[in-house]
Amino acid sequence: MSILDLAIGIALAMLSLAMLLNLWRALRGPELPDRVLALDTLYTNSIALLVLLGIQFHSMLYFASALLLALLGFIATAALCRYLLRGKVIE
């Protein structure tokens, strides 16, 4: 077992914990903006998780998936913020 495998294992465990805490905040958040922020952070942690899995398994497919998830996460966050501010997504 190399030091890289150990570091990836620790990072995966920490990211899993962070994703659980984000999910808890998204479900329990006191207000809607808190939930949107938790979902955005969950997207970011999911991207980091995919990148770590790509490093661990030596596969470029995970990096492409992370890029796609980043684009979808940005669009979803922008749409949710626009809905919170104006009440409509498309004008």
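This structure is a prediction, so every number in the text was calculated from the model and none was measured.
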Would you be so kind as to tabulate the donor-acceptor pairs closer than 3.5 Å made by side chains of residues 67-80, with sequence neighbours excluded?
{"from": "Thr77", "atom 1": "OG1", "to": "Asp40", "atom 2": "OD1", "distance (Å)": "3.1"}
{"from": "Thr77", "atom 1": "OG1", "to": "Gly73", "atom 2": "O", "distance (Å)": "2.8"}

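- Atom-to-atom distance recorded for Phe57:CZ and Ile8:CD1 is 9.5 Å, nearest 0.5 angstrom.
- Considering CD1 of Ile47 and OG of Ser65, their distance stands at 11.0 Å, rounded to 0.5 Å.
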Enumerate donor-acceptor pairs with a distance under 3.5 Å from any side-chain N or O in residues 83-90 to protein atoms, sequence neighbours excluded.
{"from": "Arg86", "atom 1": "NH1", "to": "Glu91", "atom 2": "OE1", "distance (Å)": "3.1"}

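- Applying the salt bridge (charged side-chain N to carboxylate O under 4.0 Å, His left out) definition to pairs two or more places apart or across chains, none involves residues 11-20.
- Nearest heavy atoms, Arg35 versus Arg28: NH2-C, 4.1 Å.
- Here the CG-CD distance, from Leu12 to Gln56, works out to 6.0 Å after rounding to the nearest 0.5 Å.
- The side chain to side chain contact (heavy atoms under 4.5 Å, CB included) check on Ala48 picks up Leu15, with sequence neighbours excluded.
- In terms of heavy-atom proximity, Val51 sits nearest to Ala66 at CG2-CB, 4.1 Å.
- A single hydrophobic cluster is seen to contain both Met19 and Ile55, as judged by linkage of ILVMFWY side chains at heavy-atom distances under 4.5 Å, directly or through other members.
- Think of Leu27 as one node in a network of Ile, Leu, Val, Met, Phe, Trp and Tyr side chains linked at under 4.5 Å; its network also takes in Leu23.
- A pairwise comparison of heavy atoms in Ala38 and Ala26 identifies CB-N, 3.7 Å as the closest pair.
- Between Asp34 and Gly29, the closest heavy-atom pair is CB-CA, 4.5 Å.
- Linking ILVMFWY side-chain heavy atoms closer than 4.5 Å, directly or via other members, places Leu52 and Tyr62 in a single hydrophobic cluster.
- In this structure, Ile3 shares a hydrophobic cluster with Leu6, Ile10, Met14, the cluster being traced through Ile, Leu, Val, Met, Phe, Trp and Tyr side chains under 4.5 angstrom apart.
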Query - Asn45 and Thr41: CA distance, side-chain angles, deciding distance, side chain to side chain contact (heavy atoms under 4.5 Å, CB included) verdict - result: CA-CA 6 Å; Asn45 287 341; Thr41 309; 4.1 Å; yes
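- Taken from CG in Leu32 to CG in Leu37, the straight-line distance is 11.5 Å, to the nearest 0.5 Å.
- A 4.5 Å side-chain heavy-atom check between Val36 and Pro33 finds every atom pair outside the cut-off.
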